[in-house]
Structures are given as structure tokens and as C-alpha cells.
Peer 1: 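One structure follows; several queries about it will come next.
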Amino acid sequence: MDLVRRAPPLAGPAASPQQGPGLALYIHWPFCLAKCPYCDFNSHVRERIPQVRFAQALRTELATEAARLGRRPLASIFFGGGTPSLMEPSSVAALIEDACRLFEPMPDLEITLEANPTSVELGRLRGFREAGVNRVSLGVQSLEDDALRTLGRAHSGFEAVAALELARSIFPRISFDLIYARPGQTVAAWQSELDRALELAADHLSLYQLTIEPGTKFEALHRQGLLAMPDEELGAALYEETAAVAARHGLLGYEVSNYARPGSESRHNLAYWRYGDYVGIGPGAHGRITLPDANGTSAIFATRRHRAPEPWAERVERLGHGSTEETRLRAPEPEREMLLMGLRLSEGIDADRFAARTGTALVDALEPEILEAAIEAEYLRWHEGCLIPTQAGRLRLEALLGALVR
Ligand code: SF4
């Protein structure tokens, strides 16, 4: 089944040619209760989490960033991590209040917070809702106890289901993550687990294939031959099955790893994939923002904060921000970035918007022979001025982009 052909236009405010529909604000909380063996995110374990200091530093950095950006329309706020459900709800409330005062909140402002299904964090869910969070994203990862143990997660399958039910009773929108292509997993076992998960009636799911990331415990085990990963063929079969099961439950794959009921797509993540403006606050957070350059010409800047939590906080306390890098992107960087992000989406890339955002015609950013061959092989297609990856194309996206993008 070609999900791309069936996918309706995505929800969310229409993208404006330059910066996107409104600003997306990402807030990074870098602490976790334990380090999962597959995780290469910027997450850290501390005996005692310095709540007050980090909440204050985040507020300071947000104010500094807002002072130079001005009162731009704000489309979304996303509390990610790490484990932001370890934050005090009062800190989340203060950051939301600051953001809504410093920027111009759009009427349907989406405010997401990532949470883990452990009892410590679940006790705070109502507090997060009262703080203004209207969408929760639960790190379920699996409904199987054995798999959860292998993944080093602190919750059971039973607790995951209880967490989803509780979240559903509190938040208007919920999403959860599952990890598949796990060691020893068969297509039949994944199909049954995913079916059960989809009956839990989330409006959005992120379904990630397990990958071995450098520097993780899983990488060491894999190197020693102690962790057998599914081969490419099984990985592809699992991906196909994922899309088919999700579609049976009314969720369409609008991005390589993300599935939603029409209208329930993550507006925040769409800002990344559509290459709109986003601001990242907190240790290691990245941003892409449009600002005037030294000559007053509008340009896209890449921003990055210090990755280590304590040095980041010290920098913020000293300078008002924890930035270590701010680079004006020049051709072909914005073109490459917009292609790498946009071709992950089932809606593909709008050629007019690409030209308005980067100053380059879409076809000029692509290798012509590879584009022709990819269309011939039905990995890509043109539709109403958009270049769209088919389901088969999205399965081979990395290899395709490697050759296609100039
Ligand atoms: S809880 Fe999430 S961010 Fe923290 S270590 Fe585990 S996977 Fe990484």
C-alpha cells in the first residue's frame, strides 16, 4: 500500500515561505534517573538533580534569546531530554509563562512534554497539565517485560499501559514511543505488540528501529557479539509491517518514524522537518533561526549550546546564555539541511517554499541523473509542485539522499 499517495495534507498552520508558521521552542532537561544502554542523547545521571539552578538557568537563557528575536509568533513548545518529567511542575509552569509573555503565542499553541512511565513521574502529570502542557509524549518503548529489561527501562509493560490510561485521562493529546527491530524480534511478535499498543488509542506514535549508537553500552555488547541485531531484510520487513498495522488503526506515516491520525501530527517536529525557525534552550540544544546578518540581509543561523550540564549552567550564569557556536549558514548548507529533513516527510518538499527559504531552485540542489533514476524507480515522485518520497523511497532514504543531494 502506498501510504504516501493516501496521506492528506498535514495539519498545522500553513508554512510561511521564510521562517515557517511560527517559532518552535525546544527546552532541554538533561537529567535522567538512569542511563539506558542504547541511548546516545545528551542525558546525565546525578545523585541529586539541581532543580532550582537549572530551572533558573533555562529561564535566563530563554529571556536572552527572546530579547534578540523579538515578539515572534510562537507555534510550539517542546520539553525534551533527558527526562523532563523529572522537572518540578512549577518550573515547567514558569517557563511556559515566560515563553507566552516574551513571544506571541498562537491560538493553538502546542505544548508537549516527554515523560517516562515510572511512578515518580506519573505523580506529576496533573501538575504538568495545570502548568499548561497540552500534549504528553510517553517513552513506553515496549509493552513486553523482557524487552523492557533488555532496553534497561525502569518500568514494566503493565505500568506502561497504566501510564497511557492515566495520561489519556489528563491530556487532550498523547503520543508514545516504541522501539522495534530488537534482538530476536520476529515480524509476528512485533505485529501483535503493535496491535496491542494501537488499541490504547494514542493519536500519535513514534516507532523507532533500534540502532547501535557509538559510545553506548549496546555498542560494546554488539562488538563482543553479545547482541544480535536483525539483518537488513528483517529490518525492512518490520518497517513495512509497522506502516501496514498503523494504517489499519487509522494512523498514517507522515514521517519516516512517526505516525498520526490526520490532524494529530506533532506541530513542533514538523517545524524541524519543514525547516522552519526553531530555538533550542538548555545544554546541547540546537537551533536554526532567521536573523539579519551584518549587512542587514536575512540569513539562517545555526546555534548550539554547551553540551555538558554544569558548564552550560555556569556560562548562562556568567553570560546570560550557554551558546558555544553561532554560524551563519551559507549555500549549500541550508539547501542540504532542508532536503535531508523535508524528504523524511510524506508531504515531501514544496519547490516554491524551498526556493523562498534557501534562495536556490529545488532542482538545482539535486543531482539530475540521480533524480531521474529515483523517479524512474518510483522512489520519488512530483505532485503539485512537491517532490515526494514514496514508501519504497523512504525505506532507502539514507542511501538515496547520499547520492541525490549535491
Ligand atoms: S530515559 Fe530517555 S534520555 Fe534518558 S537515558 Fe533513557 S533513553 Fe536516554
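First listed ligand is number 1; within each ligand, the first listed atom is number 1. What you see is a predicted model, and the numbers here were worked out from it, not measured in a lab. All values below were derived from every heavy atom in this structure, side-chain atoms included, with hydrogens, water molecules and symmetry-related copies excluded.
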Peer 1: Does the gap between the ring centers of Y275 and W273 come in under 6.0 Å?
Peer 2: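 So the answer is no for these two rings.
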
Peer 1: With a cut-off of 6.0 Å (strictly less than), are more than 12 heavy atoms of other residues, nucleotides or ligands near CD of Q224?
Peer 2: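 It does: Q224 CD has more than 12 such atoms within range.
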
Peer 1: Going through the distances and angles, do S137 and E114 end up as a side-chain hydrogen bond (donor to acceptor under 3.5 Å, both in side chains)?
Peer 2: CA-CA 5 Å; S137 175; E114 289 180 334; 5.0 Å; no

Peer 1: Any chance the side chains of S76 and R267 put a donor and an acceptor closer than 3.5 Å?
Peer 2: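 No donor-acceptor contact under 3.5 Å links the two side chains.
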
Peer 1: Could you tally the protein N/O/S atoms lying less than 2.8 Å away from atom 6 (Fe) of ligand 1?
Peer 2: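 Near atom 6 (Fe) of ligand 1, the number of protein N, O or S atoms below 2.8 Å is 1.
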
Peer 1: Regarding R135 and the six-membered ring of F171, is the cationic atom NZ or CZ under 6.0 Å from the ring centre and inside 45° of its axis?
Peer 2: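 No.
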
Peer 1: Which pair of heavy atoms, one from F128 and one from E88, lies closest together, and at what distance?
Peer 2: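 Looking at all heavy atoms of both residues, the shortest contact is CE2-C, 4.4 Å.
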
